[in-house]
Amino acid sequence: MPYVPPRWVTLADGVTYAFAPLRAFERQRRLSLRLSRHPKPLDYAPLFDVLRFDQAVEEFRFIGETFDQFMRRWRREHPEDMDRLADHYRELPQRFPALLRYLPRVPENRFALAVARAPFISTLRARIESSGTRAAPAGQWLATIDGLRQKGIRDEIGQSGVRERLRAVGAGDKVSNRDLARQVDLAHVVPVLMVELARAFDARAGFRDCCERIDLRFLKRHGHMGRIQGARHVIRYRHRTFGYAIVMSRFPGDLVSLGGVWWTVLDERKRFLVQPPEGFESADAAMAFAEGHIRERCAASVGNTRALERWRHEALPGGDDYGEILVTLPNVTDSYWGGHFRTRNVLAHVRCSLRVDQDGRRVLFLDEVQSDWVAATTPAADPHHKVPTPPFRSEWVLLCLKLMLWWSHARGIDGLAWSPADLQAQRWAGYEPPIALYDKILPDEAARLARTLGLSVQSMTLTVRAGQRTVEGYDDRWRVLDGDGKQVTREFRRQAQAEVFADLTDARTEWVVPVMWFDVLPPIRAVPLFGTGCALDWYAPQKTLQEDVGDQRREARQST
């Protein structure tokens with residue numbers, strides 16, 4: 001069911017736009033945006049997405065801008081729309097009361113970050129461009145596309161909207177293959193590989209109350225405040241993590257001024273930040289300025305974040321570079337939140353790690369491939385809980401395999417392996433693991449992908465711990481337990497240290513797992529979005545969907 005906003009507006013370029021906080025929670029956590037106790041409409045501007053109405057498919061779709069970004073651009077291009085656009089936006093918070101009401105004042109210290117964007121291409125577009133027909137009536141193109149539906153790209157035709165756009169043209173009007181290829185729009189279903197992260201400092205920490213007098217000699221030496229007779233300066237708030245100080249300065253009145261209270265910000269070294277010379281009128285304004293400065297300091301360094309590994313204890317023992325990779329659909333207007341992660345529209349998640357076979361070759365081992373979204377749409381799901389049908393519902397397993405194959409090959413890894421059904425059955429005995437997924441669906445899709453790329457599915461032996469030693473974390477420490485749950489040694493400060501100790505003191509067992517080796521695989525230049533395409537689609541350089549979206553946005557802005 002396409003998303004229908006409660007209100008929309010048609011602007012000077014003749015296009016209908018809507019503004020909605022569909023991704024407000026994600027954006028607030030990503031920006032670490034702290035809201036005041038009584039937010040004003042413009043405080044929400046970085047959290048409202050802009051959607052454009054596509055008349056051909058009769059859907060609203062994201063354009064990749066927030067309301068504040070859109071306003072800055074629109075002010076330059078169409079200043080005549082500013083008053084009407086501002087009036088329209090002021091009413092929007094009243095249209096989303098439930099969603100905005102649950103936005104926290106201080107966001108949770110967790111956000112999703114893209115780790116890779118695969119070079120996706122459209123197989124449908126490639127077939128249209130390579131067809132021998134340079135121009136043909138719209139009716140003839142419709143028949144051609146209906147024929148392509150029988151060749152494995154049915155889902156792509158439905159998502160692209162190309163048939164709807166052709167029907168909008170007269171049946172006898174001629175359309176060139178290049179113009180038709182440009183009508184294939186798949187930007188809204190392009191997946192992104194993401195991981196959930198936390199900042200090195202806790203966003204919830206915020207500022208604590210305090211009352212610390214400032215030496216007047218310090219203020220005079222630095223040429224700030226302190227020169228007014230009778231002025232008092234006190235640090236009233238200090239950031240729990242970074243040590244930034246919010247200073248309250250009370251100035252007495254005289255014949256010229258009425259006096260009053262002003263607020264300024266010091267960093268952890270008691271240096272005045274570059275800020276308005278008169279300071280801030282409230283403590284909240286000074287805190288917001290300080291937190292913005294903290295975000296700027298942390299945004300430039302990945303070292304200030306750490307990847308969350310919530311389910312590492314359920315992975316196969318051993319392995320390096322463990323990760324929980326989320327296959328997300330951030331540009332789909334429907335919203336779904338699963339039970340495993342806090343990120344919106346996670347189509348599937350893959351728990352994986354690097355492992356080494358007996359010959360020393362590295363493989364990316366897929367410990368688990370799971371889709372909460374698809375599971376929530378099965379007949380066995382709760383009928384009272386309405387869940388939108390996700391794109392890639394019929395081929396989400398193939399999509400995960402394509403992404404993991406491309407990602408591991410790009411990182412110079414030698415092969416891709418995954419957990420077989422017997423390993424899943426033994427490790428999850430009593431929990432009813434999806435045996436059909438690992439026994440039938442995953443092997444079939446892997447064989448299909450291997451045939452396309454000229455690879456073969458072989459087997460390899462993994463040597464892992466027998467399970468008599470387990471690693472458990474608590475209070476930022478890690479301990480190794482025996483089979484009876486008793487601690488066998490002192491705590492470790494890092495999980496890697498505990499894992500090494502468990503590997504050295506536990507018995508070993510071997511598992512035979514399926515694997516695809518990349519020995520004969522040329523550099524991958526593109527990945528078909530739907531299906532597997534042909535080998536030429538993977539190896540020949542082509543314009544990716546991301547590049548095409550950028551071209552379309554630039555053309556749209558130039559046309560306005």
Testing I157, L186, L124 one by one against F530 for a side chain to side chain contact (heavy atoms under 4.5 Å, CB included), which residue passes?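 Single side chain to side chain contact (heavy atoms under 4.5 Å, CB included) partner of F530 among I157, L186, L124: L186.
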
When you check the gap from the basic side-chain N to the acidic O, do [X] and [Y] get nearer than 4.0 Å?
{"X": "D444", "Y": "K440", "answer": "yes"}
{"X": "D185", "Y": "R61", "answer": "yes"}
{"X": "E26", "Y": "R30", "answer": "no"}

Does the pair Y102 and F25 meet the rule for a ring pair (Phe, Tyr, Trp, His ring centres under 6.0 Å), with working shown? CA-CA 9 Å; Y102 288 104; F25 289 95; 8.1 Å; no

Salt bridge (Lys or Arg N to Asp or Glu O under 4.0 Å) evaluation trace for D179 with K174: CA-CA 10 Å; D179 289 341; K174 284 194 173 183; over 6 Å; no

Less than 6.0 angstrom separating the ring centers of F48 and Y89, yes or no?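 Yes, they do, as the ring centres are separated by less than 6.0 Å.
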
Is it true that F62 and H188 have ring centroids separated by less than 6.0 Å?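 Judged by ring-centre distance (under 6.0 Å), F62 and H188 do not meet the cut-off.
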
Please determine, by modelled atom types, if T377 and R393 share a side-chain donor-acceptor pair under 3.5 angstrom.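 Yes, R393 and T377 have a side-chain donor paired with an acceptor closer than 3.5 Å.
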
Under the ring-ring contact (aromatic ring centres under 6.0 Å, His included) test, which residues partner F518, sequence neighbours left out?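 Listed in chain order: H409.
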
Applying salt bridge (charged side-chain N to carboxylate O under 4.0 Å, His left out), which residue pairs with at least one partner in residues 362-375 are found, sequence neighbours left out?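 Salt bridge (charged side-chain N to carboxylate O under 4.0 Å, His left out) check on residues 362-375 returns R351-D367, R351-E368, D367-R427.
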
Residues W511, F365; criterion ring pair (Phe, Tyr, Trp, His ring centres under 6.0 Å); working and verdict: CA-CA 12 Å; W511 285 100; F365 179 73; over 10 Å; no

Which pairs, with at least one residue in residues 413-422 and sequence neighbours excluded, count as a side-chain hydrogen bond (donor to acceptor under 3.5 Å, both in side chains)?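 Applying side-chain hydrogen bond (donor to acceptor under 3.5 Å, both in side chains) to every pair that reaches into residues 413-422, excluding sequence neighbours, yields S419-Q424.
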
